[in-house]
Amino acid sequence: MTERVVIIGSGPAGWTAAIYTARAELNPLVIEGAVTEENRLKGTLPLGQLALTTEVENYPGFPAGDLTAYLQSALEASRVPYRDPENPPETITGPELMELMRQQALNFGARTLTDDVVQADLSQHPFVLKTLGGQEITALALIVATGARANYLGLESEERFKNKGVSACAVCDGALPRFRNKPLVVVGGGDSAMEESLFLTKFASKVYIVHRRDKLRASRIMAERALGHPKIEVKWNSVIDEILGDDEQGVTGVRIRSTVDPDRTEVLEVAGYFAAIGHTPNTDFLKGQLEMNEKGYIKWTRPGRTYTSVEGVFAAGDVADDYYRQAITAAGTGCMAGLDAERWLAAKGFE
Ligand code: NAP
């Protein structure tokens, strides 16, 4: 069977495109990603980057309030993310928001496949997709909403200590026993670095932020929260030279180097290192098939539309946006891609 619309990706862009195309009775198939160790390490498990965050304070429609009863009524019991009854989150969390979006799409008839697309042939129509699980799927219209993943610095010592104290996701790994009551370090100066550092203060005895400049990139509200926290200390004008440790203990420290005086180094004794230095779009499986910018983000080819360089292929969310990168903008462009695909199919006579 040739699918009318296939949506690749299961973040806010993917589910919003699914809600719109399902309500348009296009019977969309959402390929939501595979649950593999490789995807866990890369941060590309189903439900995307929001599933790796804590409270989401800036998604409209969710002011502070206890959402526990609502979540229990909206979601299947097995898919309600855990909430500490003694200390419930003050608003919606990323994993909860994603489960709600997924459920909303399913309620309108969207179908899901828990698998990764590893190869795409967009040179023929219908488009042909091959999955990690060995399936071949053909589609009349495609919405790419595969998002982006966190970057690492690329140090050999980062590779060596992955899963042994090196992480790019404080929310996923921060509560592990190895990090409890120990000093930790976060590298980066953006909102992610602030968010990760603040989250880690719950467990760590101290959190260093290592930033290469003397000014943060983060939004003022996040920067002020981090800089005002008694457990956080910023090492300005510094880069990570190497992560130190051994096979038995994992990470035991980092050597940082001054960007002002490169001869000056300092060792910070830490039990964990968290990278928060930006993102790379998940477009490897589309290389050579679609126009992308120099960083690998898919190019939108018509102003104000989600069209790409291949007719019938639309892109939504962070995979095509290295500028706003917000949950709400991803959902917005997911809606646009759903409508663009629906209208394109109708215009081509594919009912
Ligand atoms: P970002 O804003 O691009 O910041 C990346 C940071 O990493 C920058 O400070 C950058 O330094 C540093 N960096 C990059 N490459 C580096 C390298 N090789 N060595 C050392 N430092 C390096 O990325 P982000 O913080 O992940 O945020 C991405 C988007 O998500 C933003 O739009 C942000 O607002 C949003 N976001 C929002 C929230 C929130 O509102 N709660 C939370 C997380 C993310 P320079 O500053 O020197 O370039």
Side-chain angles (χ1 to χ4, degrees), residues 43 49-50 52-59 94 147-155 157-158 166-171 173-174 179 183-244 251 253-281 293-297 318 321-330:
Q49 294 183 88
L50 268 186
L52 308 177
T53 67
T54 49
E55 278 101 333
V56 180
E57 294 177 338
N58 55 8
Y59 197 88
R149 62 181 182 276
N151 290 340
Y152 286 93
L153 288 171
L155 300 171
S157 48
E158 267 176 335
V166 165
S167 169
C169 181
V171 179
D173 301 328
F179 301 129
L184 305 173
V185 65
V186 174
V187 58
D191 279 333
S192 297
M194 303 307 112
E195 190 176 68
E196 305 248 313
S197 306
L198 285 162
F199 181 77
L200 289 172
T201 59
K202 294 187 194 180
F203 314 103
S205 55
K206 178 176 182 85
V207 179
Y208 296 101
I209 296 176
V210 173
H211 184 41
R212 62 185 177 184
R213 295 188 290 140
D214 61 358
K215 197 168 179 299
L216 295 173
R217 179 179 296 277
S219 57
R220 182 178 288 187
I221 183 169
M222 297 294 283
E224 279 174 1
R225 273 186 208 168
L227 296 178
H229 197 288
K231 281 192 187 173
I232 293 180
E233 178 183 340
V234 184
K235 294 285 183 184
W236 301 101
N237 298 313
S238 301
V239 291
I240 305 275
D241 224 8
E242 197 178 357
I243 296 155
L244 310 169
V251 173
V254 291
R255 192 174 58 244
I256 64 172
R257 187 174 293 278
S258 164
T259 53
V260 182
D261 172 8
D263 288 335
R264 211 172 71 225
T265 61
E266 181 184 350
V267 171
L268 306 177
E269 286 181 14
V270 294
Y273 157 94
F274 293 82
I277 55 162
H279 297 86
T280 298
N293 73 10
E294 68 291 347
K295 291 194 235 157
Y297 287 85
D318 286 12
D321 172 19
D322 64 353
Y323 184 71
Y324 295 107
R325 297 181 294 192
Q326 304 297 305
I328 187 66
T329 51

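Keep in mind the model is a prediction, meaning the values are calculated, not measured.
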Original post:
Heavy atoms, side chains only, cut-off 4.5 Å: are Ser192 and His279 in contact?
Top reply: yes
Subject >> Partners passing salt bridge (Lys or Arg N to Asp or Glu O under 4.0 Å) against Arg149 (at least two apart in sequence or in another chain) >> reply: Asp284
Original post:
Looking at side-chain heavy atoms only, is the closest gap between Ile232 and Thr201 below 4.5 Å?
Top reply: yes
**OP:** Using a 4.5 Å cut-off on heavy atoms from C-beta on, say whether the side chain of Leu268 contacts that of Val210.
**Re:** yes
Original post:
Partners of Gln326 by side chain to side chain donor-acceptor pair (under 3.5 Å), sequence neighbours excluded?
Top reply: none
Original post:
Which distance, rounded to the nearest 0.5 Å, do you find between the CG of Asn151 and the OG1 of Thr280?
Top reply: 3.5 Å
Subject >> Counterpart residues, side chain to side chain contact (heavy atoms under 4.5 Å, CB included), relative to Asp261 (two or more places apart) >> reply: Ser258, Asp263, Arg264
Subject >> Side chains of Ile221 and Arg225 in contact at under 4.5 Å (non-hydrogen atoms) >> reply: yes
Original post:
Where is the tightest heavy-atom contact between Ala271 and Leu184, given as atom of each residue plus distance?
Top reply: C-CD2, 4.0 Å
**OP:** Write out all pairs satisfying ring pair (Phe, Tyr, Trp, His ring centres under 6.0 Å) with one or both partners inside residues 255-274, taking only residues at least two apart or from two chains.
**Re:** Phe179-Phe274
Subject >> Nearest-0.5 Å distance that lies between atom NZ in Lys202 and atom CG in Leu200 >> reply: 10.0 Å
Original post:
For Asp191, what residues pass the side chain to side chain donor-acceptor pair (under 3.5 Å) criterion, not counting sequence neighbours?
Top reply: Ser219
**OP:** For the pair Gln49 (side chain) and Ala148 (backbone), establish whether a donor and an acceptor sit closer than 3.5 Å, ignoring hydrogens and angles.
**Re:** yes
Original post:
Roughly how far, to the nearest 0.5 Å, is the NE2 atom of His211 from the OG atom of Ser238?
Top reply: 10.0 Å
Original post:
What salt bridge (charged side-chain N to carboxylate O under 4.0 Å, His left out) pairs are there with at least one residue in residues 268-278, not counting sequence neighbours?
Top reply: none
Subject >> Atom pair CG (Leu155) and CG (Asp241), whose distance is rounded to the nearest 0.5 Å >> reply: 8.0 Å
Subject >> Residue list, side chain to side chain donor-acceptor pair (under 3.5 Å) with Ser197, at least two apart or on another chain >> reply: none
Original post:
Can you name the salt bridge (Lys or Arg N to Asp or Glu O under 4.0 Å) partners of Glu242, sequence neighbours left out?
Top reply: Arg255
**OP:** Please report the shortest heavy-atom distance between Pro262 and Val260, naming the atom on each side.
**Re:** CD-O, 3.6 Å
Original post:
Do you know the tightest heavy-atom contact between Glu158 and Ile243?
Top reply: CG-CD1, 3.5 Å
Original post:
Okay, side chain of Asp318, backbone of Ala330: is any donor-acceptor separation there less than 3.5 Å?
Top reply: no
**OP:** Could you pull out all residues at least two apart from Thr53 that satisfy side chain to side chain contact (heavy atoms under 4.5 Å, CB included)?
**Re:** Leu50, Val56, Glu195
Original post:
Which residues satisfy the salt bridge (Lys or Arg N to Asp or Glu O under 4.0 Å) test with Lys206, sequence neighbours excluded?
Top reply: Glu233
**OP:** Identify the heavy atoms of Ala193 and Gly188 that sit nearest to each other, and give their distance.
**Re:** CB-O, 3.2 Å
**OP:** For residues Lys231 and Ala204, report the shortest heavy-atom separation together with the two atoms involved.
**Re:** NZ-O, 2.8 Å
Original post:
Hey, are the side chains of Tyr152 and Val166 touching, using non-hydrogen atoms and a 4.5 Å cut-off?
Top reply: yes
**OP:** State the CH2-CD1 distance between Trp236 and Ile209, to the nearest 0.5 angstrom.
**Re:** 8.0 Å
Original post:
How far apart are the closest heavy atoms of Val187 and Ala275, and which atoms are they?
Top reply: CG1-CA, 3.7 Å
Original post:
Does Phe203 have any ring pair (Phe, Tyr, Trp, His ring centres under 6.0 Å) partners at least two apart in sequence or in another chain, and if so, which?
Top reply: Phe199
Subject >> Flag side-chain contact, heavy atom, 4.5 Å: Val185 against Lys235 >> reply: no
**OP:** For Lys295, enumerate each residue passing the salt bridge (Lys or Arg N to Asp or Glu O under 4.0 Å) test, keeping only those at least two apart in sequence or located in another chain.
**Re:** Asp322
Original post:
Is there a donor-acceptor pair closer than 3.5 Å between any side-chain N or O of Asp214 and the backbone N or O of Asn237?
Top reply: no
